[in-house]
Number of protein chains: 2
Amino acid sequence: MTTEPFLSDCRARLAFDLLANTWNPVVLWALRDGPQRPGELRERIGGISSKVLTETVRRLEFNGLVSRRAYAEAPPRVEYELTALGRTLLAPIDAIGAWAFEHGDEVMAAQDREDQRASG
Amino acid sequence: MTTEPFLSDCRARLAFDLLANTWNPVVLWALRDGPQRPGELRERIGGISSKVLTETVRRLEFNGLVSRRAYAEAPPRVEYELTALGRTLLAPIDAIGAWAFEHGDEVMAAQDREDQRASG
DNA sequence: CGGCATCCTGAACGATACTG
DNA sequence: CAGTATCGTTCAGGATGCCG
């Protein structure tokens with residue numbers, strides 16, 4: 001458990017921004033096994049449009065977490081892959097996933113309690 | 001490293017939603033040492049308005065991560081505190097913070113590279 | 001002091017259609 | 001198949017002012 005400053009550390013905010021949207025962590029996780037083509041990614045993830053996938057993966061590329069490789073073929077072929085930096089983020093992401101696996105139902109139970117308090 | 005399904009596990013999405021906004025993780029972290037009054041929280045965090053703090057803390061309360069205690073005094077006094085469930089989230093949050101501490105500059109470097117590629 | 005009401009802006013996200 | 005263009009909705013977040 002880090003005792004370092006946190007709230008005052010801009011890098012911490014930066015890291016959360018990296019995970020603070022719906023698709024970034026999902027796409028990173030979907031790339032954990034190796035390079036993936038957009039079509040594969042979309043199928044693997046489910047419920048993400050072509051447009052949003054492109055936006056997401058470009059954002060990740062901008063932050064140095066994902067690399068893009070385009071082949072000069074017809075039909076076009078593109079592959080996205082985690083960079084070395086991107087791979088280092090898998091552990092923290094997994095930590096959250098593991099937490100969800102362990103405590104997810106407690107959260108849902110709390111939500112249900114609040115919901116029925118509101119409606120009851 | 002969990003090898004369990006992830007993208008298909010709704011609880012994982014739920015956990016990310018818990019951290020997928022600007023202030024949730026920050027407020028949780030700010031509460032790690034014990035109960036805090038809203039004023040203390042705002043000072044500790046910095047850059048958060050009263051309105052947004054209230055919204056955030058209420059959201060956390062809804063999800064069972066934070067408890068709210070109001071004292072019948074004048075002037076009014078309120079304290080927010082992590083629940084047992086909320087405390088279990090500190091470890092994953094810290095994992096991200098630690099990652100930021102270690103890799104934050106690499107991300108910023110990547111951003112700078114992209115920025116100057118765009119402007120150059 | 002805590003917190004609600006109001007108004008506003010920007011960004012994320014989705015649906016659809018289209019280009020190379 | 002990959003990606004862009006447009007359009008529209010939704011909502012977090014910020015600013016301000018007011019109430020108990």
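Chain naming here is simple, since letters A, B, ... match the order of the sequence lines and numbering starts at 1 in each. All figures in this text were calculated on a predicted structure; none of them were measured in a lab.
- Protein atom CG of B:Asp17 is 13 Å distant from nucleotide atom P of D:dC11, rounded to whole Å.
- Residue A:Ser49 places none of its side-chain N or O atoms closer than 4.0 Å to OP1 or OP2 of C:dA15.
- Note on B:Arg59: a side-chain N or O is less than 4.0 Å away from OP1 or OP2 of D:dG13.
- We find that NZ of A:Lys51 is positioned 15 Å from P of C:dA17, with the value rounded to whole Å.
- Among the heavy atoms of the strands lying under 4.0 Å from A:Pro38 are primed sugar atoms or P, OP1, OP2 only; no base atom is included.
- Using modelled atom types, one side-chain atom of B:Asn63 and one backbone atom of B:Arg59 make a donor-acceptor pair closer than 3.5 Å.
- In this structure, B:Arg77 reaches neither bases nor backbone, as no heavy-atom distance under 4.0 Å exists between it and the strands shown.
- Using a 4.0 Å heavy-atom cutoff across all strands shown, B:Tyr80 reaches sugar-phosphate atoms only and no base atom.
- Atom-to-atom, CZ of B:Arg42 to C1' of C:dC1 comes out at 11 Å; the value is rounded to the nearest Å.
- Mapping A:Pro76 and A:Thr54 onto DNA chain D via the closest heavy atom, the residue that lands nearer the 5' end is A:Pro76.
- Atom OH of B:Tyr71 and atom P of C:dG2 are 13 Å apart (whole Å).
- The pair B:Arg77-B:Glu79 counts as a salt bridge, with a side-chain nitrogen and a carboxylate oxygen less than 4.0 angstrom apart.
- The residue among B:Glu40 and A:Gly47 whose nearest nucleotide of DNA chain C lies closer to the 5′ end is B:Glu40.
- If you take CD of A:Glu55 and C1' of C:dG10, they are 14 Å apart, rounded to a whole angstrom.
- Atom-to-atom, CD1 of B:Ile45 to C1' of D:dG13 comes out at 14 Å; the value is rounded to the nearest Å.
- Atom CZ of B:Arg13 and atom C1' of C:dC13 are 13 Å apart (whole Å).
- No more than 12 heavy-atom neighbours from other residues, nucleotides or ligands sit within 6.0 angstrom of CD on A:Glu43.
- Residue contacts for A:Arg58: at a heavy-atom cut-off of 4.0 Å it reaches the sugar-phosphate backbone alone, with no base atom in range.
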ask   = Between A:Leu31 and A:Leu41, does a side chain to side chain contact (heavy atoms under 4.5 Å, CB included) hold up when you go through it step by step?
value = CA-CA 8 Å; A:Leu31 285 170; A:Leu41 274 178; 3.9 Å; yes
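- Residue B:Trp23 places at least one side-chain N or O closer than 4.0 Å to OP1 or OP2 of D:dG14.
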request  = Would you please test A:Leu90 and A:Trp29 for side chain to side chain contact (heavy atoms under 4.5 Å, CB included) and show each step?
outcome  = CA-CA 7 Å; A:Leu90 289 178; A:Trp29 192 253; 4.0 Å; yes
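- Distances shown here put every side-chain N or O of B:Thr22 at or beyond 4.0 Å from the OP1 or OP2 atom of D:dA12.
- Atom-to-atom, CG of A:Leu53 to P of C:dT16 comes out at 18 Å; the value is rounded to the nearest Å.
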